Number of protein chains: 2
Amino acid sequence: MTTLKELAALLNISVSTVSKALNDSHEISEKTRVRVKELATKLNYKPNRIAQQLKSSKTKVIGVIVPSLMNPFIAEVVHAIEMTLDKNNYDMSLCISNENLKKEQRSVELLSNGSVDGFIVAVARETQIKNKIEHFENVNKSTPVVMFDRVINEIECDKVVVDDFQSVYETSRYLIDKEKREHILLISNIEELSVGKYRIDGYTKAVKESNLKVSVLKLGGIVNPDVKIYDYLKLNPKIDAIISIDHITGIMALNMLKKLGKEIPTEISVIGFGYSDAQFVSNPKISVINQKAREIGEITTKIMLEKIKGFKDRDLKTIVIPSEIILRESTK
Amino acid sequence: MTTLKELAALLNISVSTVSKALNDSHEISEKTRVRVKELATKLNYKPNRIAQQLKSSKTKVIGVIVPSLMNPFIAEVVHAIEMTLDKNNYDMSLCISNENLKKEQRSVELLSNGSVDGFIVAVARETQIKNKIEHFENVNKSTPVVMFDRVINEIECDKVVVDDFQSVYETSRYLIDKEKREHILLISNIEELSVGKYRIDGYTKAVKESNLKVSVLKLGGIVNPDVKIYDYLKLNPKIDAIISIDHITGIMALNMLKKLGKEIPTEISVIGFGYSDAQFVSNPKISVINQKAREIGEITTKIMLEKIKGFKDRDLKTIVIPSEIILRESTK
DNA sequence: CTGTTAGCGCTTTCAA
DNA sequence: TTGAAAGCGCTAACAG
């Protein structure tokens with residue numbers, strides 16, 4: 001790789017002159033500036049990023065720590081984060097905790113040595129369950145942190161979340177009030193997560209205030225969730241609506257219902273949580289609570305970048321992105 | 001952030017002594033080593049990564065450039081890459097080309113200034129279509145490059161690919177020979193990609209050598225692929241088997257067939273391309289050609305790391321990961 | 001065993 | 001308009 005020193009030597013001028021010329025400093029003459037730039041392009045010179053980082057003590061890199069890329073919602077958010085960072089000339093260092101506390105701790109640890117200017121985080125399942133938060137407490141003192149979706153209340157940082165409670169509450173109300181459903185089942189494979197609890201709470205509130213029965217089928221970590229769903233529905237033929245609070249069990253339910261010969265949406269409605277392919281993969285096309293992954297990624301990133309640019313006394317905010325209910329074919 | 005200098009000052013010893021003590025140099029006395037380490041942990045000292053990188057001219061970062069994270073196969077490969085890099089104490093800098101040539105070029109450009117020790121790439125759709133490869137040619141001279149799945153033949157680098165031709169050929173043969181199918185339709189939304197072409201070729205060969213008709217339904221970039229599939233199947237009721245060469249149109253076809261009242265797999269079989277959730281999302285559970293994303297990610301990364309460690313290992317290899325045919329419920 | 005020094009590649013102040 | 005020099009934080013060869 002070509003360096004400033006080499007350019008300087010070849011041109012018989014000093015390193016600092018070369019540096020200034022390349023950075024369009026006005027204190028350099030037109031002539032040498034041109035001379036320098038010509039040679040630079042000819043030799044395909046690129047300033048060594050590491051050296052610049054050391055000098056400026058800014059990396060223009062954001063560390064992104066997420067539980068998994070096999071969750072389509074998270075994948076889409078990460079996608080959006082990258083796009084937004086890129087627009088602002090930032091790079092992304094991606095760590096995947098794999099839902100694992102230890103790995104998450106290590107990632108935070110490893111990147112908080114000057115490698116990144118900030119952290120964007122969705123916390124691991126295990127971290128939420130055990131409520132271990134020291135690693136974030138430490139890093140949060142010295143580096144900006146923004147959490148999205150899976151956040152930790154006790155950590156004082158900016159947060160971008162979905163209206164988990166509200167969206168499921170409203171969805172339940174819709175089923176009760178508009179569709180006159182009376183036996184609504186909630187199914188879930190994320191009941192241990194904070195977001196899962198909020199969603200279940202939203203459902204519970206709506207159902208209770210209409211004096212209906214609370215039915216929650218918890219599938220987290222289970223081997224054959226589809227047969228579990230099938231069996232439950234077979235045993236409980238009165239169920240006339242299903243809300244799934246994750247990305248997959250709703251589509252499963254749809255399939256199981258068809259297997260049971262149920263008419264959708266006349267006999268029973270299904271509403272799931274949305275991701276980009278959900279409608280293509282399901283038939284009838286599943287109605288969903290859509291989480292606006294792209295928007296979440298974009299806003300999270302923008303908050304991060306503002307933070308870095310240094311509005312020092314900017315107070316911390318928690319932004320709630322309202323999700324939208326998209327009614328497709330699995331509801332009346 | 002605490003620095004060596006600060007530690008040295010507090011302990012009244014030199015910076016280099018501190019450095020050596022922390023690195024367990026044998027030329028440092030037990031006593032000072034302990035003293036130094038104690039203070040270091042007390043002040044939560046962490047060596048500045050950037051400085052180390054500058055010094056060693058190694059970053060221990062691999063640049064990963066992929067077209068999209070919304071493709072579940074790619075997301076899973078990236079996931080596996082991260083896991084493997086992490087095991088080897090490497091970080092990942094992730095760029096998403098978004099299937100876009102310009103952005104891919106920029107990403108390569110931006111990272112090839114000392115930011116990373118190597119590149120792992122799956123090339124963008126537009127890059128493949130236009131066959132623009134200069135950006136890789138340049139970087140390939142100075143930095144190790146490993147491509148996976150979507151590779152460029154003209155670039156001389158290590159490659160990890162799937163047996164696109166062979167797997168679809170064998171799948172077709174299975175349908176013809178074992179299931180005695182005679183009207184096999186191939187559907188695709190990736191026909192412009194190299195991998196898409198190989199897959200179609202595999203199908204074509206098998207069908208032709210049995211004197212059956214070649215039927216290919218191309219859906220790339222189309223707005224409502226599902227209705228297109230529906231219409232086609234309605235117009236061509238003789239079709240008795242479908243091979244989808246991407247991750248989504250197979251499941252779509254399954255759904256459309258049910259809509260048309262077809263019995264699966266008695267009247268018609270469907271085989272798609274696999275990803276981790278495919279079986280949960282489809283009913284009957286879709287039979288697939290499974291691409292072993294995890295394995296691809298792991299091997300790609302291992303090759304990359306070997307490459308970096310062993311400069312001398314000059315010979316380039318192309319590794320073909322055989323995919324497996326998983327017969328589930330959508331085939332006889 | 002410990003310290004001095006040089007240098008990785010770059011930017012930036014200050015002096016010429 | 002140009003250049004010398006310092007320094008970002010670290011490592012390591014060489015001296016003491």
Side-chain angles (χ1 to χ4, degrees), chain A residues 1-37 39-40 43-61 89 91 110-117 142-143, chain B residues 1-40 43-61 89 110-117 142-143:
Chain A
M1 275 190 32
T2 323
T3 66
L4 284 187
K5 209 172 162 183
E6 286 166 30
L7 293 180
L10 287 170
L11 293 166
N12 266 317
I13 56 179
S14 80
V15 169
S16 60
T17 305
V18 177
S19 169
K20 287 172 189 165
L22 290 172
N23 290 309
D24 289 316
S25 165
H26 41 277
E27 44 181 80
I28 297 294
S29 72
E30 175 73 20
K31 212 179 68 190
T32 46
R33 185 151 49 81
V34 172
R35 237 161 55 91
V36 169
K37 288 203 171 179
L39 186 65
L43 297 188
N44 191 29
Y45 167 80
K46 301 212 199 76
N48 182 308
R49 181 88 176 285
I50 306 294
Q52 287 179 321
Q53 291 176 169
L54 181 59
K55 185 73 190 142
S56 68
S57 59
K58 293 205 172 351
T59 62
K60 295 212 132 207
V61 176
N89 292 310
D91 284 340
L110 280 172
L111 292 185
S112 55
N113 55 6
S115 294
V116 300
D117 294 346
S142 50
T143 319
Chain B
M1 274 191 31
T2 323
T3 66
L4 285 187
K5 210 171 160 184
E6 287 167 29
L7 293 181
L10 288 170
L11 293 165
N12 266 318
I13 57 179
S14 81
V15 170
S16 64
T17 304
V18 178
S19 170
K20 286 173 190 164
L22 290 171
N23 290 309
D24 289 316
S25 166
H26 43 277
E27 42 182 82
I28 298 294
S29 72
E30 176 72 19
K31 211 179 69 188
T32 47
R33 185 151 51 79
V34 171
R35 236 161 55 90
V36 169
K37 287 202 172 179
E38 265 173 6
L39 187 64
L43 297 187
N44 192 27
Y45 168 79
K46 300 213 199 72
N48 181 309
R49 181 88 176 284
I50 306 294
Q52 287 180 320
Q53 291 176 169
L54 181 60
K55 186 79 187 111
S56 67
S57 58
K58 292 201 175 348
T59 61
K60 295 213 133 208
V61 176
N89 291 311
L110 279 172
L111 292 185
S112 56
N113 56 4
S115 296
V116 300
D117 293 347
S142 50
T143 319

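All values reported here derive from a predicted model rather than from experimental measurement.
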> Which residues pass the side chain to side chain donor-acceptor pair (under 3.5 Å) test with B:Thr143, sequence neighbours left out?
Replying inline: none

>> Please enumerate all residues that pass side chain to side chain contact (heavy atoms under 4.5 Å, CB included) together with A:Asn44, with sequence neighbours excluded.
In response: A:Lys46

>> Working note: A:Leu39 + A:Tyr45, criterion side chain to side chain contact (heavy atoms under 4.5 Å, CB included); need CA distance, chi angles, decisive distance, verdict.
In response: CA-CA 8 Å; A:Leu39 186 65; A:Tyr45 167 80; over 6 Å; no

> So do the side chains of B:Leu43 and B:Glu6 get within less than 4.5 Å of each other, counting heavy atoms only?
Replying inline: no

>> Once side chain to side chain contact (heavy atoms under 4.5 Å, CB included) is applied, do any residues pair with B:Ser14, and if so which ones, sequence neighbours excluded?
In response: B:Ser16, B:Thr17

> Which two nucleotides bound the region of DNA chain C that has atoms under 4.0 Å from heavy atoms of chain B, read 5' to 3'?
Replying inline: C:dC1 to C:dG9

>> Using a strict heavy-atom distance below 4.0 Å, which residues from residues 4-17 of chain B are in contact with DNA chain C?
In response: B:Ile13, B:Ser14, B:Ser16, B:Thr17

> Who are the salt bridge (Lys or Arg N to Asp or Glu O under 4.0 Å) partners of B:Lys20, not counting sequence neighbours?
Replying inline: B:Glu27

>> If you compare all heavy atoms of B:Ile28 against all heavy atoms of B:Ala21, which two are closest, and at what distance to 0.1 Å?
In response: CG1-N, 3.9 Å

> Reckon A:Thr3 touches a base, only the sugar-phosphate, or nothing at all at heavy-atom distances under 4.0 Å?
Replying inline: sugar-phosphate

> Which of residues 23-37 of chain A sit near DNA chain C, with a heavy atom under 4.0 Å from it?
Replying inline: A:Asn23

>> Going by the rule side chain to side chain contact (heavy atoms under 4.5 Å, CB included), which residues pair with A:Ser29 if we only count those two or more places apart in sequence or in a different chain?
In response: A:Lys31, A:Thr32

>> Could you check whether any side-chain N or O of A:Asp117 sits under 3.5 Å from a backbone N or O of A:Lys60, counting only pairs where one atom can act as donor and the other as acceptor?
In response: yes

> Who passes side chain to side chain donor-acceptor pair (under 3.5 Å) against B:Thr3, sequence neighbours left out?
Replying inline: none

> B:Ile50: what forms a side chain to side chain contact (heavy atoms under 4.5 Å, CB included) with it, not counting sequence neighbours?
Replying inline: A:Ile50, A:Gln53, A:Leu54, A:Thr59, B:Asn48, B:Gln53

> Has B:Gln52 got a side-chain N or O lying under 4.0 Å from the OP1 or OP2 atom of D:dT11?
Replying inline: yes

> How large an angle, rounded to 10°, do the end axes of the helix from C:dC1-D:dG16 to C:dA16-D:dT1 enclose when each is built from five base pairs?
Replying inline: 50°

> Excluding sequence neighbours, so at least two apart, what forms salt bridge (Lys or Arg N to Asp or Glu O under 4.0 Å) with A:Lys37?
Replying inline: A:Asp24

> Strictly by modelled atom types, are B:Ser115 and B:Asn113 linked by a side-chain donor-acceptor pair under 3.5 Å?
Replying inline: yes

> Whole-Å distance between D:dC10 C1' and B:Met1 CE?
Replying inline: 11 Å

>> Please compare B:Lys55 and A:Thr2 by the position of their nearest nucleotide in DNA chain C and report the one closer to 5'.
In response: B:Lys55

